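Taking it in order: structure first as structure tokens, then the write-up.
Computed over heavy atoms, backbone and side chain alike; hydrogens, waters and symmetry mates excluded. The chains referred to below are lettered A, B, ... by the order of the sequence lines, with proteins before strands, and numbering in each begins at 1. The structure presented is a predicted model; accordingly, all values stated were derived computationally and were not measured.
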Amino acid sequence: MIEKIFKSLNDPQKEAVSYDDGSMLVLAGAGSGKTKVLTTRIVWLISSGKVNIGSILAVTFTNKASKEMLLRISSLVPYNLRGMWIGTFHGLCNRMLRMHHKDAALPESFQILDVQDQLSSIKRLMKTKNIDTEIIIPKDVQRFINSAKEQGLRAKDIDDSEGFNRKYIDLYDAYDDQCQREGVVDFGELLLRSLELLQRNNELRFHYQDRFKHILIDEFQDTNALQYAWIKLLSNKDPNVFAVGDDDQSIYGFRGADVSNMEKFRKEFKVKNIIRLEQNYRSYGYILDSANALIKNNNDRLGKNLWTDSGMGDQIKVVEALDDSFEANWLVDEISSLIRSNVCPSEIAILYRSNAQSRILEHQINKRGISYRVYGGFRFYDRAEIKHALAYLRLIENSNDDTAFLRIVNFPPRKIGVKSVEILQQIASLHGCSLYESINYAEGKLSKNIKFFYDLIEKTRLDSVALPLANMVDLVIKNSGLLEYYASERDGSERLENLKELVTAASGFLSDEQIDSTIPSDFGIASEQDQILNSKNSNILEEDLKAELNLSPLTKFLTHTSLESGESQAEVGKEAIQLMTVHSAKGLEYDVIFITGLEEGLFPHENSLTEMDGLEEERRLMYVAITRAKKQLYFSFAQMRKLYGQYRYHKKSRFIEEIPNENLKWVLSAQQNLSSSSDVSLNYVINQKKQTLHTENFYSNTISSSLSKNSSLYKIGKTVHHNKFGNGVILNFEGSGSDARVEVKFENNGTKWLALSIAKLDIV
DNA sequence: GTTCCACGCGTTTTT
DNA sequence: CGCGTGGAAC
């Protein structure tokens, strides 16, 4: 089996798969068979007979990626793969913390806070400390905490010699205490806690270092400092770490990912030579050439040039639209004709830089009755009704979870108001207990309603404890009153459906677990347990296994709801065209790709221009977008676009200019817009636009102000002088006519928005 | 305790 | 322009 797959690989792929001399860095270009290499390597290791399944650790960034890998491997290997650690960083750290929860100082059933929970936890903390949230913004505190954790820093580790961050640091510290008290961890905490556990506990560290002889990491360019440190700690003196990544596809710098980890890895893990996967099996020549030409404009690349032997294909079709609605309209026209010519709708994707752009596209698509699906956006488990139901389950599981308590104590409304909660908070801090427990100490100080709530939770816990998971969820939805509440709500039917869906998810989850744990291990090789018991550290391993098996289905399910998007529920609409941001398109591929809104200020995004490495990250983003296309690629941009309620004018994106003209085929200019639309009902709009064209004068990327004769001189990047604020650089502008405003970053006076009709700005 | 309106804000996001 | 948050009125 493995020989046959191995033969189907190209030379660099073979070299990577069979590499056997320490750590390896594989530079895998877009569409170069990265996942194939990773999975084949795992199969190769297992089939060699020298590597135990249990000594493999494989890390990915998304659940989707790890599931896909697991699926591919299990289809190629007749063994039970349960002993292999494969998953996301967060999933694996969670696994480790559950197993060693005592050493990690956590309750076994600790709950995981998502971003929303984390924010409300921070707000609550700030309230108890009487901190003005107008002066210190909770979201800023959240960002501060998360970025500190991403760098592996606790509050006490943060250098504050300049004294700027004292308040943030104190809040970070208090927040950690609060989480600890409540038995909850946030996403960053999963990793940091796991890292600290391994640092602190020598026995455990040696055990895992000894166990994981082979570590494989996908999307290495997306690792942050904390994840790097975790990998480093887990790999022993003789590491076999197999890192796969593509520096050109690093697009998550803004959330702490650090491409320089690749170079760091090469040095610190003594990588002898880097393997480059440069043959692309996805896209036609014009598409690939364009991607290569674009990315050449970036500095500091590890370097790589993709090639294909599947022919040039079609040029990139470029569309210039008068405005965003013409753009959307043209796209939908083109998509309709593609579908008529038998392109499968699900093979068509429209990409955009920011979510706000999807609205107008959806509007036009809807109008034509084409079915579509918007990728990303709201997670199933983020819906309010789902979070409510889950909060009941969480409180049943862990009565210390104050976040869960506060979410549901008065939902559905049961006449428990702020006052009662405040009293509980006082009692709780007096006794150093949770809000839920504090009810026991209240002794008649409170209304009966609270006692009813307490009894409700207790009764539900008792009644549900022996039930299968799905029945338990069902019972909670009924007992809590959620069912009744949404049934009586005017537009509660969709929410009811979602709650039903939650029960379905719970029952599906349970059966998945059963299938997973009953995979027969009678394939003639040692079972997982046998393999593990042969290990030197069998005592710890036995504990591992026991601990994992002992976790209640509810704990497992709640973890699942925090760590997974619930995307699989929304797997409907196979025949629909796909809409998504460029970010969420990473890792995906489609026959036809439309990259829309290719305008200066939008893509590259204006905010990126003032950030370190910002433009280069935007260019990598564009590179990712281009390389999603298999057969056909379209670019579109609009001269003017409605943003935040007003029109803004943009010139076409520099990224279009960076692609050789011979790769492009201009299929529509703005002038042609006015006659090209097939939509008759648009006529009056067209006429209005024509009028606008006559009365307004657009300059691309230039301010048109009737009050300022030399307006075309005010360009982004120009230095200007203001009598009061001194010299500054123009960062941005918006509006036109007497509304025109410019954003100026002054050398000594910060960044300000100034109305051109009022402020006097001289070009320096 | 609930409801409603005003205000402010608006890149990308997985876990 | 459209949404979510929060404070004030009922």
Do the charged groups of [X] and [Y] touch, with an N to O distance under 4.0 Å?
X        : Y        : answer
A/Arg353 : A/Glu618 : yes
A/Arg154 : A/Glu189 : yes
A/Arg648 : A/Glu599 : no
A/Asp176 : A/Arg193 : no

If you take the centroid of each ring, where Trp contributes its six-membered ring, are [Y] and [X] closer together than 6.0 Å?
X        : Y        : value
A/Phe603 : A/Phe637 : no
A/Phe509 : A/His560 : yes
A/Tyr485 : A/His388 : no

Determine the sole option in A/Arg654, A/Glu616, A/Glu658 for which the side-chain hydrogen bond (donor to acceptor under 3.5 Å, both in side chains) test with A/Asn297 is passed.
A/Glu658
Using the 3.5 Å cut-off, write out each protein N or O paired with an N or O of nucleotides 1-9 of chain B and the distance between them.
unit_1 : atom_1 : unit_2   : atom_2 : d
B/dG1  : OP1    : A/Gly417 : N      : 2.4
B/dG1  : OP2    : A/Gly417 : N      : 3.3
B/dG1  : OP2    : A/Val418 : N      : 3.4
B/dT2  : OP2    : A/Asn410 : ND2    : 3.3

Can you build the contact string for nucleotides 3-10 of chain C? Use B for base contact, S for sugar-phosphate-only contact, and - for no protein heavy atom under 4.0 Å.
S--S----
Letter by letter from the 5' end, nucleotides 10-15 of chain B scores (B base, S sugar-phosphate only, - none; protein heavy atoms under 4.0 Å) BBBBBB
Between C1' on C/dC1 and CZ on A/Arg641, what's the gap in Å once rounded to a whole number?
15 Å
note: A/Lys642, atom NZ; C/dG2, atom C1'; distance rounded to Å ~ 12 Å
Taking the six-membered ring of A/Tyr381 (Phe, Tyr or Trp), confirm whether the NZ or CZ of A/Arg379 is under 6.0 Å from its centre and within 45° of its axis.
no
Would you tell me whether A/Gln142 and A/Gln118 have side-chain atoms, one donor and one acceptor, within less than 3.5 Å of each other?
yes
